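Have a look at this one.
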Amino acid sequence: MSTLPEVVHVRQTPEWAALVAHHQQVGEVHLRQLFAEDPERADRYVGQVGDLTVDWSKHRVTDETFRLLIAAAEAVHLPEWIEAMWSGAPVNSTERRSVLHVALRQPRTNSLVVDGVDVVREVHDVLDRMVGFADQVRSGAWLGHRGTPITNIVNIGIGGSDLGPAMACDALRAYADPRLTIRFVSNIDGDELWEATHDLDPAETLFVVSSKTFTTIETITNAASARRWLLGGLGLAAGSPAANNAVSRHFVAVSTNVGAVTDFGIDPANMFGFWDWVGGRYSVDSAIGLSLMVAIGPDQFGQFLGGFHTVDEHMRTEQLATNIPVLLGLLGVWYREFFGAETHAVLPYSHYLAKLPAYLQQLDMESNGKSVRRDGTPVDGPTGPVVWGTPGTNGQHAYYQLLHQGTSLVPADLIGFAHPAHDLGDHHDLLLANLLAQAEALAFGKTAGEVAAEGTDTDLVTHRTFPGNRPTTTILAPTLTPAVLGQLVALHEHRVFTEGVLWGINSFDQWGVELGKVLAGRIVHELTSDAPVPAGHDSSTARLIDQLRAERGRGPG
Ligand code: F6P
């Protein structure tokens with residue numbers, strides 16, 4: 001395994017100093033001026049990767065901005081980091097692991113040998129088993145305990161073991177087998193599991209328990225309750241041979257932890273594995289995508305993987321100046337750093353992409369929400385933004401007011417498709433018109449002079465003025481296909497990696513989620529016990545524990 005490139009503190013480089021000076025010159029220049037002075041801008045600041053057309057012309061940048069951002073990327077050795085990731089170097093240095101999600105989507109004919117193991121071959125061994133299983137479920141050959149085919153799939157998982165397949169199943173619903181009901185349960189809140197199961201026939205329901213570690217409390221608790229629900233519904237006593245048979249017909253696992261899967265009672269023959277070099281939020285293209293593969297079928301799942309691979313090849317081989325995920329990452333750094341943009345909006349103009357913002361929230365915020373660099377030193381400036389969003393037209397009637405006239409600068413991605421899955425009269429033209437109109441309005445606004453020229457009452461002119469100069473990226477594709485979805489996800493994965501390299505942080509660990517888990521493990525005992533709340537909590541938490549214990553009929557006295 002090769003070693004890692006040097007970690008360079010970008011803000012201490014001459015390239016960064018040049019960017020600071022450049023920002024002072026161009027930071028306040030209006031997009032109106034940039035477009036007026038550069039008639040070819042829209043043709044130059046657009047690129048194609050796979051089926052995606054990405055237009056970044058409505059950003060507050062010039063050729064010189066890109067030249068300087070790319071120089072900064074070279075100063076921090078971005079090309080070497082890209083190569084390190086692909087070669088299996090321990091890019092996830094704080095967990096001492098390789099980062100090889102790109103191996104999950106390489107064609108069978110490729111090979112990627114890390115520590116003497118061809119990981120692409122291992123990936124395809126698992127994919128072949130997934131295909132066999134998915135085909136059996138889809139054809140009705142996989143029978144439940146009572147000999148009936150499976151019609152309901154309930155995926156139990158959380159974080160990366162939920163958001164990816166849940167988002168993709170929604171996004172690709174038009175490709176899913178309509179005979180199958182696919183549901184997702186993630187929250188420890190029992191109401192979610194109840195809602196997902198109460199109207200299902202246990203005899204026709206299969207649970208896919210997805211957990212990389214198989215120790216995640218939400219998932220294990222939900223899986224145990226699902227097992228009780230199944231056995232109760234089938235009238236079987238837990239632990240009986242019949243119950244064990246039922247569990248083996250109605251539960252499969254996706255995990256890296258064969259021991260814990262076996263302890264839970266799932267037959268290891270029904271476990272689909274992956275590897276510690278797949279981060280949870282980078283795992284939708286691993287066996288974690290099993291529910292998706294069952295829904296859309298192995299061929300479409302193969303197209304999905306192919307979409308990722310198209311963007312991977314682009315990321316690895318394209319020079320920085322024309323590398324689209326890299327350019328988007330550099331823009332992310334530009335706004336975070338120089339414009340104080342604390343949030344980034346993801347605005348899909350597609351009903352089927354409603355869960356994309358939540359998916360990208362984990363991808364971006366769990367990856368780049370860090371304040372310590374790889375070398376353990378504190379960062380000396382901002383890192384990843386807050387990511388948020390909902391489908392665009394709904395947002396237009398809610399929070400776009402702030403995007404247009406508020407005091408925060410919110411760079412946004414607008415995502416749309418030339419063709420809908422279902423063409424209903426004029427709906428799609430109206431949808432696309434809204435996407436284009438919003439990007440135009442955000443960028444160019446409406447001046448006080450234009451407002452006044454329309455005869456607006458003088459006292460209303462400032463209210464009705466749109467400052468514009470609000471940056472957006474427009475991402476278009478012909479249709480939302482499995483391949484296009486793979487391309488979209490890979491585009492963001494590599495954008496996030498680029499930003500992490502610029503900031504010198506490890507985008508692949510998530511230590512920040514650990515403390516809360518440990519405290520919850522302790523508090524649950526205190527909440528359910530009758531003993532006095534032990535010392536050690538702050539007075540607020542101790543009081544809240546007491547109140548909830550009293551309301552739940554627990555605690556002393
Ligand atoms: O708590 C955060 C996290 O570890 C995520 O990184 C991960 O995607 C999620 O929990 C689920 O983890 P697992 O797949 O191990 O259950």
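For the single chain, residues carry numbers from 1 onward in sequence order. Just so you know, ligand 1 is whichever comes first in the structure, and atom 1 is the first atom listed for that ligand. Everything quoted here is computed from the prediction, not taken from an experiment. Any value given below was found using the heavy atoms of this structure, including those in side chains, with hydrogens, waters and symmetry copies removed.
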Quick one: look up the protein heavy atom nearest atom 15 (O) of ligand 1 and list residue, atom name and how far away it is.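 Answer, as residue, atom name and distance: T213 OG1, 2.6 Å.
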R373/E6 ion pair, N-O < 4.0 Å: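 No, no charged N to carboxylate O under 4.0 Å.
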Numbered atoms and elements of ligand 1 in range of I158, under 4.0 angstrom, heavy atoms: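 Answer for ligand 1: 9 (C), 11 (C).
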Have a look at ligand 1 and work out which part of K212, if any, has a heavy atom under 4.0 Å from it: side chain, backbone, both or neither.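 It is both parts that get close, each with some atom under 4.0 Å.
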Close-contact set for ligand 1 against S161 heavy atoms, below 4.0 Å: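 Going through ligand 1 atom by atom, the ones under 4.0 Å from S161 are 13 (P), 14 (O).
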Could you list which atoms of ligand 1 come closer than 4.0 Å to a heavy atom of V513?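 What qualifies from ligand 1 is 1 (O), 2 (C).
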Between the side chains of E526 and H537, does any donor sit under 3.5 Å from an acceptor?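 Result is yes, a qualifying pair exists.
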Work out whether the distance between some heavy atom of E218 and some atom of ligand 1 is less than 4.0 Å.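 In this structure, E218 fails to qualify as a contact of ligand 1 - no heavy atom is under 4.0 Å.
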Compare all side-chain heavy atoms of H9 with those of V379 and state whether any distance is below 4.5 angstrom.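 SC-SC contact between H9 and V379 ruled out.
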With respect to K517, determine whether any N or O atom, backbone or side chain, lies less than 3.5 Å from an N or O atom of ligand 1.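 K517 vs ligand 1: N/O contact under 3.5 Å present.
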Just which atoms of ligand 1 are under 4.0 Å from any heavy atom in T216?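 Counting from 1, the qualifying ligand atoms are 12 (O), 13 (P), 15 (O), 16 (O).
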List ligand 1 atoms under 4.0 Å from G280, heavy atoms only on the residue side.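 Taking each heavy atom of G280 in turn, ligand 1 has 8 (O) under 4.0 Å.
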Considering only non-hydrogen protein atoms, determine which one is nearest to atom 3 (C) of ligand 1 and report residue, atom name and distance to 0.1 Å.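 The closest heavy atom on the protein side is E366 OE2, 4.1 Å.
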Which atoms from ligand 1 have a heavy atom of S211 less than 4.0 Å away?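 Every atom of ligand 1 under 4.0 Å from some heavy atom of S211: 13 (P), 14 (O), 15 (O), 16 (O).
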Any donor-acceptor N or O pair under 3.5 Å, side chains Q487, D51: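 Yes, side-chain donor-acceptor contact under 3.5 Å.
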Heavy-atom side-chain proximity of L330 to W334 below 4.5 angstrom: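 Counting from C-beta outward, L330 and W334 never come under 4.5 Å.
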Indicate yes or no: at least one non-hydrogen side-chain atom of L485 is less than 4.5 angstrom from one of L353.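 The answer is yes, as the side chains (C-beta and beyond) meet within the 4.5 Å cut-off.
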Establish, from distance only, whether the side-chain atoms of Y175 and T481 form a donor-acceptor pair under 3.5 Å.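 No, no side-chain donor-acceptor pair sits under 3.5 Å.
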For ligand 1, which atoms sit closer than 4.0 Å to a heavy atom of G160?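 The list of qualifying atoms is 7 (C), 8 (O).
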Hydrogens and angles aside, do D267 and S248 bring a side-chain donor and acceptor to less than 3.5 Å of each other?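 There is no such pair (donor and acceptor under 3.5 Å, judged by atom type) between the side chains of D267 and S248.
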